[in-house]
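Naming: A, B, ... by sequence-line order, numbering from 1 per chain. A quick note: this is a predicted structure, and the numbers were derived from the prediction, not measured. We use all heavy atoms of the structure for the numbers below, so side chains are in, but hydrogens, waters and symmetry mates are not.
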Amino acid sequence: MRWSNYYLMTAREAPRDAEVISHQLMARSGLVRRLAAGIYTMQPTGWRTLRKLMAIVRRRMERAGAVELSMPAIQPAELWEESGRWARYGVELLRMEDRHGRRFCFGPTHEEVVTDLVRRDVKSYRQLPINLFQIQTKFRDEIRPRFGLMRGREFLMKDAYSFDADEEGLDRSYRSMHAAYSRIFEACGLEYSVVEADQGAIGGSSSHEFMVLADTGESAVASCAACGYGANVERAEVGELPAPPAGRGEAPIEVSTPGTTTVAQVAELLEVKPAQVVKTLIYETDDGLAAVAIRGDREVNEVKLLNVLGGLGLRLATAGQVEAATGGPLGFSGPVGLSADVRLVADRSARALAGFVCGANRGDRHFASVRWDRDVASTRPVERVDVVTAVHGDPCPRCSGGELRLSRGIEVGHIFKLGTTYSEKMNCTFTDDGGRLRPMEMGCYGLGIGRTAAAAIEQGHDRNGIIWPKPLAPFTVVLCSLDPGAEPVRSAADGLYGELVDRLAPAGFDVLYDDRAERPGVKFKDADLVGFPVRVVVGARSLANGGAEVSNRSGGEREVVALDEVCEAVVGRLQR
RNA sequence: CGGGGCGUAGCUCAGCCUGGUAGAGCGCACGGUUCGGGACCGUGAGGCCGGAGGUUCAAAUCCUCUCGCCCCGACCA
């Protein structure tokens, strides 16, 4: 491709709305152009990168036995009502009506459509397993799209859906997708980690996220260097926290604590550490109110809490609800004397304390020297749970001695075992080898195409621009002719261009020939900005030095090689 | 949806407080000098100052309403 005939415009400055580096560089290097909030045109170079990524994804999916198809983006409401998600999905689902008033949505995901398809076609265990995938434009009406392609409303996603006869089959499908994803991100040269993820209200038994490590990531990840445990902070378990020494005291002591509604105030007044106070939060759940006790210096993880309490959602109770449930005002709740009608769960961090301070369920009163067994568990049930939010340095839940480390990541892939959630609701059944009708075991596997490209830039850039991993660069090689209007540079560069194309195309590499009538500085800046992995420069100086100059965007050795050896030098660099 | 901010040339921004004929840099076009890390000089094109109402002799500027965009938060198979 000759740049003079190509559509690639770069800019010195990024648009003001570009916040993160990947978005700024994508905009400056002419890869994408914003059309509306969270909606982008992929310009020719950006599209080349996505096409290369999609080719890698397709190859790996097919090697893992998945079969590509293409499902409609527009989906009828009836299917979503069948799965129950028309009501549940919320405002993120872009809904519309046709001229007859029939309701549709623009698909944010395709469980319903693929389940409908498979239930019509597949009737026997002999036809299983099946894994169908597509790469398609999705639309999610995000409350707040941001960071360019990282969180768009319209975006390209590879989604695959597996159907198996039993759980062992689902395990196999899941493992094979797990492996395929790992190969894909390795092929892209990305540094990533696989972490346990929350399944959300959709249920299922297992879920993993593929995280590209980057400071700008929107997800927080807890991981243990000692044993390799990793989890989204949303669900990260925490090992047993060391308990402070037990306090003394024969019975709870009621103390006056006027106006102290926060742990910090109570701790200061009573001259104890926040870690010796038990904080009690009252939540409203689908099954009524629940009290959560946690160590005063720690925070409740509501995702973990929801998984413990069950139901679809929870929220902090209002002051009125707290007063009705505990008999005391907001800010003075505690487990001692709490009505047995209120479910009480105690985080292990709180349960490990002995002789602690907690609210007395009376205004301006706390208890000190409280013990769980003597003062609480003797009169009512207390569940011991893990609902604490993991913080840096917490003990690892899986190994002894390991510490959790918090880092940020970009969620580029998410795989789920759905089990029979959808197949039961939508009656997607088959006849097993014993003649019984059974729901299929399903899995679903998403991979963000644009987000992965953005993540590659977050991980690969310097102050001059993008440093693409070779497989994702829009062109693997840029050939800069520093004097395209004059001989002998022109004919040398033209000749090299032809040779490079002939030699590289069969190997899957491509060349952009910068034959524009621009000054050398402009060409170098643009080549760095767009981030072509290998650069070949032909100019009067390089010819005088014996040929063309070859270098890598990522740095390292720059060499001048004879014109007839340039192809070999380039290939050598590409294969390294 | 709550809080904050911004809409002026293709891009980045000044002008607004204190109303008086719309500016700069980059980019673009033309001419000249340059030519290995975003050159320089000159000339020029390019704006319903997001939109609608209002106040005023006069509005980019003040007031009201709207639309769009960005940031923080809540939300998110």
Scan Met157(A) against the nucleic acid and name what it touches under 4.0 Å (heavy atoms): base, sugar-phosphate only, or nothing.
-> base

Contact class for Arg535(A) vs. all strands (heavy atom < 4.0 Å): base, sugar-phosphate, or nothing?
-> base

Near Asp215(A) CG, under 6.0 Å, is it more than 12 heavy atoms from other residues, nucleotides or ligands?
-> no

Identified pairing partner of rC30(B), criterion: Watson-Crick or G-U wobble below 3.5 Å = rG42(B)

Over how many whole Å does the gap from Asn232(A) atom CG to rA77(B) atom P extend?
-> 12 Å

Looking across every strand, which nucleic acid part, if any, lies under 4.0 Å from Glu92(A) by heavy atom: base, sugar-phosphate, or nothing?
-> sugar-phosphate

Any Leu156(A) side-chain heavy atom under 4.5 Å of Met54(A) side chain | yes

The side chain of Pro15(A) lies closest to which of these nucleotides: rC69(B), rU12(B), rG36(B)?
-> rU12(B)

Answer yes when Arg516(A) and Asp526(A) have at least one side-chain N-carboxylate O distance shorter than 4.0 Å, and no when they do not.
-> yes

Determine the Euclidean distance between corresponding P atoms of rA58(B) and rC71(B); express it in Å to zero decimal places.
-> 41 Å

Please work out if Arg34(A) contacts a base, only the sugar-phosphate, or nothing of the nucleic acid, heavy-atom cut-off 4.0 Å.
-> sugar-phosphate

Does Glu549(A) make a side-chain donor-acceptor contact with the base of rG36(B), cut-off 3.5 Å?
-> yes

Looking only at side-chain atoms of Thr109(A), point me to the closest of rU12(B), rA77(B), rC69(B).
-> rA77(B)

Take atom C1' in rG73(B) and the same atom in rA77(B), then report the distance between them in whole Å.
-> 23 Å

To the nearest angstrom, how far is Phe524(A) atom CZ from rC35(B) atom C1'?
-> 11 Å

Are Tyr181(A) and Tyr445(A) an aromatic pair by the rule of ring centers under 6.0 Å?
-> no

Taking the C1' atom of each, how far is rC72(B) from rC62(B), in whole Å?
-> 30 Å

From rC71(B), rA77(B), rG36(B), pick the nucleotide closest to the side chain of Glu111(A)?
-> rA77(B)

For Arg151(A), report the nucleic acid contact type (base, sugar-phosphate, nothing); a contact means any heavy atom under 4.0 Å.
-> base

Roughly how many Å is it from CZ in Arg558(A) to P in rG37(B), rounded to a whole number?
-> 10 Å

With a 4.0 Å cut-off on heavy atoms, is Ala14(A) in touch with a base, just the backbone sugar-phosphate, or nothing at all?
-> sugar-phosphate

Answer yes or no: is there a side-chain heavy-atom contact under 4.5 Å between Val122(A) and Met440(A)?
-> yes

Measure from the side chain of Asp17(A), starting at C-beta and using heavy atoms only, and say which of rC69(B), rG38(B), rC75(B) lies closest.
-> rC69(B)

If you measure from the C1' atom in rG15(B) to the same atom in rU8(B), how many Å do you get, rounded?
-> 9 Å

Under a 4.0 Å N-O cut-off, is there an ion pair linking Glu196(A) with Arg235(A)?
-> yes

State which of rG36(B), rG38(B), rA77(B) makes the closest approach to the side chain of Ser542(A).
-> rG36(B)

Nearest to the side chain of Glu302(A), which nucleotide is it out of rG36(B), rC75(B), rC71(B)?
-> rC75(B)

Indicate, yes or no, whether a donor-acceptor pair under 3.5 Å links the base of rA77(B) to the side chain of Arg140(A).
-> yes

Review item, nucleotides 39-44 of chain B N/O atoms under 3.5 Å of protein N/O:
none

Who pairs with rG53(B) - Watson-Crick or G-U, where each distance is under 3.5 Å | rC63(B)

Starting from P on rA77(B), measure out to CD on Gln75(A) and report it in whole angstrom.
-> 17 Å

Phe185(A) backbone acceptor or donor facing Tyr192(A) side chain under 3.5 Å = no

Who pairs with rC17(B) - Watson-Crick or G-U, where each distance is under 3.5 Å = none

Paired to rC1(B) by Watson-Crick or G-U wobble criteria (both distances under 3.5 Å) is rG73(B)

If the C1' atom of rU33(B) is compared with that of rA22(B), how far apart are they to the nearest Å?
-> 33 Å

Ignoring the backbone of Lys525(A), work out which of rG25(B), rG38(B), rG36(B) is nearest its side chain.
-> rG38(B)

Which of the following nucleotides, rC69(B), rG38(B), rG36(B), is nearest to the side chain of Leu529(A)?
-> rG38(B)

Polar side-chain contact Arg516(A)-rG38(B) base: donor and acceptor under 3.5 Å = no

C1'-based separation of rG44(B) from rG3(B) [nearest Å] | 47 Å

If only side-chain N and O atoms of Arg146(A) are considered, is one of them under 4.0 Å from the OP1 or OP2 phosphate oxygen of rC72(B)?
-> yes

Between rG46(B) and rA9(B), how far is it from one P atom to the other, in whole Å?
-> 15 Å

Indicate, with a heavy-atom threshold strictly under 4.0 Å, whether Cys444(A) touches base, sugar-phosphate, or nothing.
-> base

Across all strands, who's sitting opposite rG68(B) as a Watson-Crick or G-U wobble pair, both distances under 3.5 Å?
-> rC6(B)

In terms of ring plane angle, is the pair His208(A) and Tyr174(A) parallel, tilted or perpendicular, where the classes change at 30° and 60°?
-> tilted

Roughly how many Å is it from CD in Glu19(A) to C1' in rC6(B), rounded to a whole number?
-> 13 Å

Side chain of Glu13(A) - closest among rC11(B), rA77(B), rC71(B) | rC11(B)

In whole angstrom, what separates Glu142(A)'s CD from rC1(B)'s P?
-> 16 Å

Hey, which sits more toward the 5' end of RNA chain B by its nearest nucleotide, Asp159(A) or Arg153(A)?
-> Arg153(A)

With both distances kept under 3.5 Å, what pairs with rC11(B), Watson-Crick or G-U wobble?
-> rG25(B)

Does a side chain donor of either Asp159(A) or Gln134(A) reach within less than 3.5 Å of an acceptor in the other side chain?
-> yes

Return yes if the base of rG10(B) and the side-chain atoms of Arg16(A) contain a donor-acceptor N/O pair under 3.5 Å, otherwise no.
-> no

What pair of heavy atoms forms the shortest contact from Ala493(A) to Leu479(A), and how long is it?
-> O-CD2, 3.6 Å

Over all atoms of both residues, closest heavy-atom pair of Asp166(A) and Glu441(A) = C-CG, 3.5 Å

Provide the distance between the two C1' atoms, one in rA60(B) and one in rG20(B), to the nearest whole Å.
-> 13 Å

Validation row, ring centre Phe475(A) to ring centre Tyr6(A) under 6.0 Å = yes

Is there a donor N/O on one and an acceptor N/O on the other, under 3.5 Å, for the side chain of Asn464(A) and the base of rG37(B)?
-> no

Just call it for Asp483(A): base, sugar-phosphate, or nothing, with non-hydrogen atoms closer than 4.0 Å on any strand.
-> nothing

Separation of Asn545(A) atom CG from rG36(B) atom C1', in whole Å?
-> 11 Å

Rounded to the Å, how far apart are Tyr7(A) OH and rG10(B) C1'?
-> 11 Å

Considering only rA77(B), rG38(B), rG73(B), which nucleotide approaches the side chain of Arg28(A) most closely?
-> rG38(B)

